[in-house]
Amino acid sequence: MTRLFIDGQEVVLPEQFELELITENPYFTRNGEYTYDIDIDLRVPQNRQIYKNIQRSDVTTKINNRTAVITAGAFELIHGIEVVLSVDNYTAKIQILAGNSQLNYNGEQRIREIEIDDVNYSDDEAVQSLYGTSKTHHAVYTPVVAYKTYYNNYVNGLDLRNNAPVFNHDTSMVPQYYLLYILENIIEKLGFVKGRDYIEDYFWQRVFIVNTRPELKPQEILPDWTVNEFFDEIEKYLHCIIVVDKFTGIYNIYKRSSYFDFSSIIYIDDVLDDNIEKVYDPDVDYAYNYDAVSYDFPSKDIYKYFRLDENVKPLSTVVNVSSSENVDPANYQTYYDNPYLIHSDKYGIDYAMVKLVNYDTTQQEYLTLRVVNRFADGGNNDIENKTTFKIVPADIGRAEIWNYDGMSGTCPAVKSITDINQSEEKVGITDLINGNAKIESYIPDRIYIGIYYGMQKVTVMINGKYQLSNYDFPCSYVDHYFIDEYNPREEAMPTHVNMNHTLSFSGDTGLMSYYQNDEKIDTSIEYSFKFITNKTYDLRQIFVIRNKKYFCKEIRYTITPKGLDKVAEGIFYLVE
């Protein structure tokens, strides 16, 4: 017998009804479990009490997010939330959403409207954050440089005394929130409970959102996206999948490459039709299915160096050197005046000669090498399966940190894309009233990220020679090659394993190898089977049908007053 409960109260269902229960695999669709319309007769006193007379014109109370459960005997067929679609006379049409479908429904709100839990670490806690990751801390207080500045204008400034960091409160203290913390806190604010995060063992636990503005709340460092748009970008960029259990509301975050590692074998023996229905080249666009990637960089000049325009290389002459240190200074002007790209054979890095200004009293210009094209598109750009990321590497800079010996270390540090202060200009009340005030607000158009590499030894000048420091300095960057503008060095921090982490797509440690590491699923043919069953299935399994293995995209069930109908229909993809 089929029964429906709303917030624990049983709803009287019609004597005869038929409704469809759909379960979709979030690996393919980002959806979960849901029903189509269920008609509730509000003339029944018990139902009228549950629905609080919502059919009356004077009742304006909106019903939101009540628990909804459909059972058949001792089994729960779906456990989620109720959505009231419409009320027409004495009939209320509702839908039940569970698992990822409930997550999507709750995720229709704007992400900046969610009160993400902030942090306000003491000095001791901030120091401890320099020795952790997102597994141990919500944020890290690593130095971050302000936009358009070069030297010593940054937040989270510190000194090293007795080989221990001490924060200098002449600079602002601004937590750099970890991307994984922001993701998890948002999901939990939507009402779900954390289970396992299977991507925490990768370098993503070191990725943080860059911010130098102490006045901003965590949600205010994010773009004006919906929560679902945020989830879309996260799942694409981290190549992960958020899966909500339809019965418990517990969410797990899986690497896409390991999603089916947890699968068991399900045998579907009672297939009804001899003629299998096939759909060739279905109209699908799966976010996970890409073989080429690129960053959606803003138009700022810095990013023209991060990724060269496609016309630059064909019009340039490449000069090969063993490393940047072997570039003869006598040729600097020639390399600057002409379309030369310098390529380091040892490191596989391209450089361009640029002109910078010394930020001292002389304001003297000088020529130096600048790394270019480290964040070029990844994969085969001639193929159709491409995606673009709106989560992008932050600008790059440097910070000078002093130790108790009076020596300084040049640390890599990411750079915020906005100034610390919005405006130095005072605003009076009449300016506001007359509309003459210059009012600035900060709403980023993308998510700008850096990698916190931890406490590292960096290159310092000792007795006129560059060598690794005796002390550890907090380092953040976007690549495992740190280039000092005064003195290009590919190996400024060569000794720590975490320096393998990069936001670049290229190379053995680049992200492209991470994206290409998942199951190869041929989605060009969809197989449709009708079969006999007396239960619903977890679609994160491998289904064996007529001695062939399949991944399941979705299964549709029919529910009647007697319970689950024995005939179900599923859509599958062949396992290669």
Side-chain angles (χ1 to χ4, degrees), residues 116-144 154-156 158 160 164-165 167 173-188 194-212 218 221-222 234-235 237-240 242 251-255 257-258 391-394 396 399 401 411-414 416 447-458 471-480 482 493-504 509-511 514:
I116 300 173
D117 294 329
D118 59 5
V119 302
N120 186 19
Y121 288 169
S122 66
D123 279 14
D124 288 343
E125 291 170 325
V127 168
Q128 288 304 310
S129 78
L130 299 175
Y131 297 90
T133 65
S134 66
K135 285 188 175 181
T136 55
H137 294 83
H138 299 330
V140 61
Y141 281 77
T142 184
V144 175
Y154 50 88
V155 301
N156 302 329
L158 50 80
L160 292 176
F167 280 96
M173 296 285 285
V174 183
Q176 307 300 305
Y177 288 97
Y178 284 114
L179 185 63
L180 284 180
Y181 165 70
I182 295 292
L183 169 64
E184 292 170 356
N185 196 259
I186 289 172
I187 300 175
E188 288 157 26
K194 182 178 178 180
R196 293 287 303 274
D197 188 341
Y198 293 95
I199 62 172
E200 281 187 341
D201 60 342
Y202 197 61
F203 84 94
W204 299 114
Q205 64 183 282
R206 295 183 173 274
V207 172
F208 63 92
I209 302 174
V210 178
N211 176 40
T212 53
I221 67 177
L222 300 172
I234 287 289
E235 288 192 336
Y237 189 58
L238 276 62
H239 211 53
C240 69
I242 304 165
Y251 74 91
N252 298 304
I253 303 177
Y254 297 98
K255 297 179 185 178
S257 59
S258 62
I391 301 175
V392 302
I396 51 178
I401 298 178
C411 296
V414 290
S416 172
I447 294 178
Y448 296 91
I449 58 173
I451 306 172
Y452 179 59
Y453 289 101
M455 298 294 288
Q456 305 271 349
K457 287 180 170 51
V458 303
Y471 309 102
D472 292 334
F473 295 79
C475 301
S476 65
Y477 218 54
V478 293
D479 194 12
H480 43 55
F482 168 51
M493 298 177 298
T495 59
H496 198 287
V497 66
N498 283 338
M499 289 309 296
N500 287 330
H501 298 332
T502 177
L503 299 179
S504 172
T509 60
L511 292 181
Y514 182 62

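In what follows, residues are counted from 1 in the order of the sequence shown.
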Sidechain-backbone polar pair: S476 side chain, G450 backbone, donor-acceptor under 3.5 Å: no
Separation of I221 CD1 from S416 OG (nearest 0.5 Å): 10.0 Å
Spacing of I253 atom CD1 and D197 atom CG [to the nearest 0.5 Å]: 4.0 Å
Residue pair I447 / L222, side-chain heavy-atom distance below 4.5 Å: yes
4.5 Å side-chain heavy-atom contact, P474 and Y131: no
Donor-acceptor pair, side chain of E125 and main chain of S122, under 3.5 angstrom: yes
Atom of Y452, atom of L130 and distance for their closest heavy-atom approach: OH-O, 2.6 Å
Closest heavy-atom pair and its distance - R206, G454: NH1-N, 3.8 Å
Side-chain donor or acceptor of N185 paired with backbone N/O of D117 under 3.5 Å: yes
Closest contact, heavy atoms only, I449 versus V210: C-CG2, 3.8 Å
I182 CD1 to I209 CD1 distance, which is reported to the nearest 0.5 Å: 5.0 Å
Gap between atom OG1 of T133 and atom CD1 of I451 - 0.5 Å precision: 13.5 Å
Side-chain donor or acceptor of E235 paired with backbone N/O of I242 under 3.5 Å: yes
L238 side chain near W204 side chain, heavy-atom distance below 4.5 Å: yes
Exam field: side chain N156 to backbone V174, donor-acceptor pair closer than 3.5 Å: yes
4.5 Å side-chain heavy-atom contact, H239 and K255: no
Aromatic plane relationship, Y198 with Y254 - under 30° parallel, 30 to 60° tilted, over 60° perpendicular: parallel
Any I186 side-chain heavy atom under 4.5 Å of I116 side chain: yes
For the student: nearest non-hydrogen atoms of M455 and D472, plus distance: CE-O, 3.3 Å
Under 3.5 Å donor-acceptor, Y453 side chain and H501 backbone: yes
Reference residue V127; test side-chain contact (heavy atoms from CB on, under 4.5 Å); the match among Y141, Y121, F167: F167
Side-chain (Y177) to main-chain (V119) donor-acceptor, under 3.5 angstrom: yes
Shortest non-hydrogen contact from Y477 toward P412: CD1-CB, 3.3 Å
Interatomic distance, T502 atom OG1 to F203 atom CZ [nearest 0.5 angstrom]: 7.5 Å
N252 backbone acceptor or donor facing R196 side chain under 3.5 Å: no
4.5 Å side-chain heavy-atom contact, V140 and Y178: yes
Inter-residue atom distance L179.CG - Q205.CD, 0.5 Å rounding: 12.5 Å
E184 and K194 ion-paired at < 4.0 Å: yes
Contact check, side chains of Y237 and L503, non-hydrogen atoms, under 4.5 Å: yes
Geometric class of the H138/Y181 ring pair [parallel <30°, tilted 30-60°, perpendicular >60°]: parallel
For the student: nearest non-hydrogen atoms of Q456 and C475, plus distance: CB-SG, 3.7 Å
Any L511 side-chain heavy atom under 4.5 Å of S504 side chain: no
